[in-house]
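Letters A, B, ... mirror the listed sequences (proteins, then strands); counts begin at 1. This is a predicted model, so every value here is computed, not measured.
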Amino acid sequence: MFVAVVAGIIAALIAVGIVAVVLVLLARHRDQHADASDPALLDTVGVGAEEDGEIRVGSGRSAAAKPADGLLKRFGALGALAAGIFAILGIKLWSMQVMNASQYSDEAEKNLYTTVRTPAPRGSIFDRKGNVLVTNRASQTVLAEQEVADNYNVVRRLSSVLGIPVGVVRQRLADTSSGAQNRRVVASDVRLRDVAFISEHADAFPGVSVETRTVRTYPYGALGAHLLGYTGSPTEDELAVTVEGSDIDSTDMLGKSGVESFYDSVLSGEKGERQVMVDASGNVVSVTSETEPAKGSDIHLTIDAAVQYAADRALARMIAPDGDIGSGKGVSGAVVAMDVRDGSVLAMASYPTFDPTNFTNGIPQDIWDLYNTEESHAPMLNRAVNGQYAAASTFKAFTSMAALQYGYATQSSTWTCTGSWDGFNTGSAQFCWEHAGHGTLDLHGGIVNSCDTVFYEIAKAFFDHGPEGTGEISDTALQEYVEQYNFGKVTGVDLKNESAGRVPTPEWKAEHWRNVPSEATWRGGDYTNMIIGQGDILVTPLQVACGYCGIATGTMMKPHLLKEVRNASGDVVLEHQAEVLAEPEVNRSDLDYVRNALRNMITAHTEVDEWFLEQGVQAAGKSGTAEHTDRADDAWFVAYAPYDDPKYVVACVLEQGGSGSKTAAQVTAQVMGAVMQAEGEQTGEVARVAGSSGKSYVTDFSAGEGRQD
Amino acid sequence: MPLPQIDTLDPSSTSAPRRQRRSGSHAAAKRTTIGGLPLAGIISWPFLAVAGALVVYGLVICWSAVQGDARYNFTRQAGGVCVGLILMALVWAFDYRKLAGATKPLLIITVVLILSPHLPVIGVTTMGATSWINIGMQVQPGEFAKVTVVLFAASLVSRYNGQLGELREYCKVVGLLLIPFICIMTQPDLGTGLVYLFISATVLVMGGARVKYLVWSVVLLVAVIVAVFFVDELLKYTTEDGTTEYRLLKNYQRNRLFVFMNQGSADYSAEGYNLQQAMIAIGSGGLFGKGLGSSTQSSLGFLPEAPTDFIFCVLAEELGFMGVLGLVTLYAVLVFVCLRIARNCGNLFGMLVVCAIVGMWLFQILENIGMCCGLMPITGIPLPFVSYGSSFMVVNFIMLGLIGSVYCHESRLGRG
């Protein structure tokens, strides 16, 4: 690098030297009158004395021939040097200022103008009856220009008025996280008194301003926290992705989960823009143009606050009556309540839960740490759409329909249950949950009593008629049928990252166990497990609720949370249109047969029937208990009501909740009661819900208690 | 003989006849061409007019450049002009020829001035350079030493009557001329040192040094520069915090050269930023400029040191190419008017004084404007009559006074 520098200097100096020598030599060898070029330049001054000068030089030299006169010719060189310097500078400046002026002007403007965006208030979120679930609250924010940091008096005054230590004020003034051009936030949620004091003594606070900013507020605390979601600052990745028309600034609040995230573009509004002129230090000199921010649109959900409250409360009371997990039944759970007619979700609860109020300024480290402990049981997880469980006996409604559809069971078929079954003659019997046996029963009885043996027989029929046996039907005929009820697929509810669950097939099993070839073969036992909702099948509570819509009406509606979008003036700009999710192939009389059995399932269980009757609900439904070898069973209950004219479906799962007809049924009945009461225009009981404590008792659920559906 | 000197300022005195007598018919011819202007033999009106125009133009630009910057005080600059005017008049009236023989005292004064910042109590060191003294106010003696360097160099070379033909004598003269440069490098102040070198070089060329010697001197100079870089490369060392330090050239000097050699490449060093912003300021001025006081590059702080080293950029940005052309024209006219005065001076000492001053201005103009538009490496050399700095202003007025003195006391007869 310095070789180049040195070479350049040498070249330049040699060039200058050569030019100078040549000029001097030239001047020496020219006769004196050749110097006339020099005085000629003086013409431009209008002195008019060149002739005089010329004469003097000439006469001086010839007449006196004094030593100094021999030097006069060197003036030619000096004059030429001067002329050369001025010419070079002139040419360079001409090229910069005339030929390339626009390029430099562009660069000067680039220095000068900056666009500062002002955030828009987010839209609010309401329930179906207009109750506010999420809105903004004014927060008096004291802001200061960056130079205020250099003014000790102002820093000291801010410190004493706001009650913040001087060092902290300094630190906040130096914080550039909101961008170099933006004013620094000195304090948020400042008392109005202090705001008034600063405004009245503006002279004492140069560069300090007070702004009313908006932060998210949740009137009901943790109510529906999972479905509503929370907001937060964008991550590095989110900043890197630039969606057209909506540039994300690091100061923005983005929806991070739930509806806040799914409808972020609707809620976020349009930012205001301030075109400002800045100086070299980034200080705003003047504002050249300004557009006001436009508040985001409001979202009205299909959620009913009272139903949501009932669901949140029922789960909390069941799982953690004293606030800590383990004091009740189960460790976590979820409830989904839906309108079977249009797919509107009335409530979607998940427990344990969190209070998004704590997250308005980022998730505090202590809460983050607490919610990451194993004993907190993942409060941030929305189990209604992301919890994947074995469907257990709730699945029998769908497999019954499959059996009826394929003719492996008819409305008059009967089977005999002895409590154990070895239909494949493997030598190791499978058991019905009722080890004493149910005796002889038909499909109706099989559903009402949740008799496993009946379904083992049906599974065997599917297995025997598939390619392993006669090959009459596809080897995945059962799977294909239950997939008509949208199992193994996302429902498409308006929440991000919904889980799809799983319907096991021989291919899936081969792939899953590819490293353990002995396990990779599809066996009859896989059918007998799947048909009672055990084994490898996985479903989400929302999928189960949707599936029961199909049982209740024959048509499954796509679940959705959005009712309508209203703009800042309150006009409805978007209304949700109900969509059909699936219409499974059914024979109407078969469907009525299964529905009748589901109604009898409730009436036959006095305790369950009473829970529903207490709520004034005539429901049909099915319990389920998912067995686990290593921990307590998961409890399920799904019900729709009224049984003769279905309008609503409620599905509930309680992880490690024990018997479905004991725990989950209670929660389902309570939520269904709230759903029926919410039918009018009046909003039922609703109150603030607390976030999860994050704690749980160490409980020992003794395994092998036996399943009791 | 002080009294007759004052007499020469008085048009009604006997100075006119005496002057006529001295310069004979040529002086009379000159008078007639200039016309009815008074004091024709004492005051060169074209010279004074162009100098006045430059000073006024410079003040206007300086005023615009210091607007809104509390570090600079325009009143101080105007005060410098006033003091300068008085000193110019005094120097003008003073017969410079009395200094022709004072080679030794001039050298001593020069050396004392340049070394004075090294004195314990009054010396001031800022930014690594011991270049200032504090005598009630802060002044830069190296700046004032330009005057004595001009006089010293002219006096030294004029002793040889324009025939510096012997190598031994040439070497002696060059050696003596290098003394001020060596002294200023102890501060160190390369910018002013280069000005001294250019003054000395002009005096040598115009003073009749043999061309052969001059060529060899240039070759030697190149060799010395190469040697400096070479030796510096050998002497470099790494400091504790891992940066490479050189002993002869400072890192910022290397950066300036590097920036100069690598224009156009992305460079985020302070030096690269300065040059880039200076060029944006000049280029964005366009043909007619943004208007006086409407610059954005300098008034909003993008351009560093706007009123001092980079004041040319303020002019170029606010008044555009036409304003720049005006300044360059004024400089050109000043240079050629001065060269004519030098040529018409029958006294070798006087001629060399004027040529040295012209050479000095030429170098400063070339270097200052050149560095602003990327033609020259960046050095801290101010722009004559324009840059902010009252010492600098006063020195330039003294230079004007010296030229005036040469004009006023010009006489072939006087030398004989």
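- Between chain A and the residues B:Ser158, B:Gly286, B:Ser217, the largest count of heavy-atom pairs under 4.5 Å involves B:Gly286.
- Taking all atoms of both residues into account, the shortest heavy-atom contact from A:Ala82 to B:Phe336 is CB-CZ, 4.2 Å.
- Comparing B:Lys290, B:Met206, B:Gln297 by how many heavy-atom pairs each has under 4.5 Å with chain A, the most go to B:Met206.
- Using bins of under 30°, 30° to 60° and over 60° for the plane-to-plane angle, the ring pair A:Phe86/B:Tyr331 lands in the parallel bin.
- Interface remark: B:Ile365 contributes backbone and side-chain atoms alike to the contact with chain A (heavy atom separation under 4.5 Å).
- Using a 4.5 Å cut-off on side-chain heavy atoms (C-beta onward), A:Phe75 and B:Met351 make contact.
- To the nearest 0.5 angstrom, A:Leu78 atom CG is 11.0 Å from B:Arg343 atom CZ.
- Considering all non-hydrogen atoms of both residues, A:Arg74 and B:Val211 come closest at NH2-CG2, 4.1 Å.
- Here B:Leu362 contributes atom CG and A:Ile85 contributes atom CD1; the two are 4.5 Å apart, rounded to the nearest 0.5 Å.
- Using a 4.5 Å cut-off between heavy atoms, B:Phe312 touches chain A through its side chain atoms alone.
- Contact count versus chain A (heavy atoms, under 4.5 Å) is highest, among B:Ala281, B:Gly370, B:Ala316, for B:Ala316.
- We find the CG-CG distance between B:Leu325 and A:Leu89 to be 11.5 Å, quoted to the nearest 0.5 Å.
- Taking the salt bridge (Lys or Arg N to Asp or Glu O under 4.0 Å) definition, one finds that B:Asp232 meets it with B:Arg254, sequence neighbours left out.
- To the nearest 0.5 angstrom, A:Gln103 atom CD is 9.0 Å from B:Met279 atom CE.
- The CD atom of A:Gln97 sits 10.0 Å away from the CG atom of B:Leu319 when rounded to the nearest 0.5 Å.
- A heavy-atom distance below 4.5 Å is found between the side chains of A:Leu93 and B:Ile282.
- Interatomic distance, A:Met96 CE to B:Ile280 CD1, rounded to the nearest 0.5 Å: 9.5 Å.
- Among residues two or more places apart in sequence or in another chain, the side chain to side chain contact (heavy atoms under 4.5 Å, CB included) test is passed with B:Ala223 by none.
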